[in-house]
Each structure stands twice: as C-alpha cells, then as structure tokens.
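What follows is a short report on a single structure.
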Amino acid sequence: MALIHLSENTRRDRLISAERYYRDLSEYEAQEQRLTRERNAWQRKALVSSGKPVDIAAEWARPDITLAEKRAYVERAFTAIVVLPVGRGRRVPLRERLVPLYAEEE
C-alpha cells in the first residue's frame, strides 16, 4: 500500500510520467497482494504454533481473502459434503439437504 501511495505522490509531483506510472501500477498492486497473502499466511502459522484457535468466521469474512484460501479452509475442514436428493414433489431448501463429512484432526 505504501509503495502505491509513494508512486502516486511521485506522479503528482511530476517526477515520473503518466505512462510509466500506469505501466508500473499493476506490478505494484500484484506485489502488494502477494505480500498481503504472505503476511496473512505467516499470521495464521503464528496463531497455530501458539495454540490459539483460528477464527474461521472472521477469516472467511476478511475482504482480502482469496478463493484459493477459502478452498484451502474447506479442504482442511471437510472430507466431503453430500447433497441429498429432494424427492418427489417436495421443496426442501438446499441448506437442509447438505450433510458435511468432517475431516479428522491430524
């Protein structure tokens, strides 16, 4: 985030051209996302090693969580999720037809 703001200030002060600013912006944003993912992974590992449980609901609601991270949580928590059939002429909500098979602790 700081690198992007520094670049914005540099652009505003006309120390670099608009073309170079916009060309470098995507690189800076990708770098920022990578660093954020690394920081979050390190924080989760630190929590796990300290023995404190990870609050999955809070992690899931994070605005910067990626689909890959959500999939990793689901893969660790469940072996499978069974979707039961509805049956004839009945309207059963999907939520009531899901049967989770939890993964065993390692």
Side-chain angles (χ1 to χ4, degrees):
M1 193 74 150
L3 188 58
I4 293 174
H5 291 298
L6 177 64
S7 182
E8 287 173 356
N9 292 339
T10 305
R11 170 65 193 123
R12 194 174 314 119
D13 296 340
R14 298 188 188 275
L15 298 176
I16 62 173
S17 66
E19 293 82 20
R20 181 170 179 171
Y21 169 76
Y22 289 110
R23 185 180 63 231
D24 293 346
L25 186 59
S26 63
E27 179 183 326
Y28 295 148
E29 287 175 343
Q31 182 180 12
E32 180 184 16
Q33 289 175 353
R34 181 183 55 78
L35 290 171
T36 301
R37 280 193 306 272
E38 288 176 6
R39 181 199 63 209
N40 292 340
W42 182 86
Q43 287 175 342
R44 281 191 296 279
K45 286 180 185 176
L47 283 173
V48 167
S49 66
S50 71
K52 295 179 183 176
V54 177
D55 184 6
I56 298 296
E59 284 287 312
W60 198 269
R62 268 189 8 236
D64 61 333
I65 191 169
T66 64
L67 182 60
E69 289 174 313
K70 286 183 177 182
R71 284 183 177 171
Y73 282 126
V74 170
E75 287 173 0
R76 278 187 245 140
F78 302 109
T79 301
I81 298 177
V82 179
V83 180
L84 300 174
V86 176
R88 294 190 178 250
R90 297 178 56 203
R91 291 186 179 225
V92 179
L94 178 62
R95 179 165 279 189
E96 293 178 16
R97 295 186 294 130
L98 298 177
V99 178
L101 301 176
Y102 297 99
E104 295 190 19
E105 296 286 325
E106 292 181 3

Run the side chain to side chain contact (heavy atoms under 4.5 Å, CB included) test against Arg71 and tell me which residues pass, sequence neighbours left out. Leu67

Kindly give the cluster partners of Val82, where membership spreads through any ILVMFWY side chain lying under 4.5 Å from a current member. Leu84, Val99, Leu101

With sequence neighbours excluded, residues passing side chain to side chain donor-acceptor pair (under 3.5 Å) with Arg95: none

If the condition is ring pair (Phe, Tyr, Trp, His ring centres under 6.0 Å), which residues does Phe78 pass it with, not counting sequence neighbours? Tyr102

Between CD on residue Glu29 and CZ on residue Arg34, distance to nearest 0.5 Å: 14.5 Å

I'd like to check the side chain to side chain contact (heavy atoms under 4.5 Å, CB included) partners of Ile65; sequence neighbours left out, ordered by chain and number. Arg62, Glu69, Lys70, Tyr73

Could you tell me which residues satisfy salt bridge (charged side-chain N to carboxylate O under 4.0 Å, His left out) with Glu96, sequence neighbours excluded, listed by chain and number? none

Quick check on the hydrophobic clustering: are Val74 and Ile56 connected, directly or via other members, by side-chain heavy-atom contacts under 4.5 Å? yes

Run the side chain to side chain contact (heavy atoms under 4.5 Å, CB included) check on Asp64 and Arg39 step by step: do they pass? CA-CA 12 Å; Asp64 61 333; Arg39 181 199 63 209; 4.2 Å; yes

Which residues pass the side chain to side chain contact (heavy atoms under 4.5 Å, CB included) test with Leu94, sequence neighbours left out? Val83, Arg97, Leu98

Applying side chain to side chain donor-acceptor pair (under 3.5 Å) to Glu75 and not counting sequence neighbours gives none

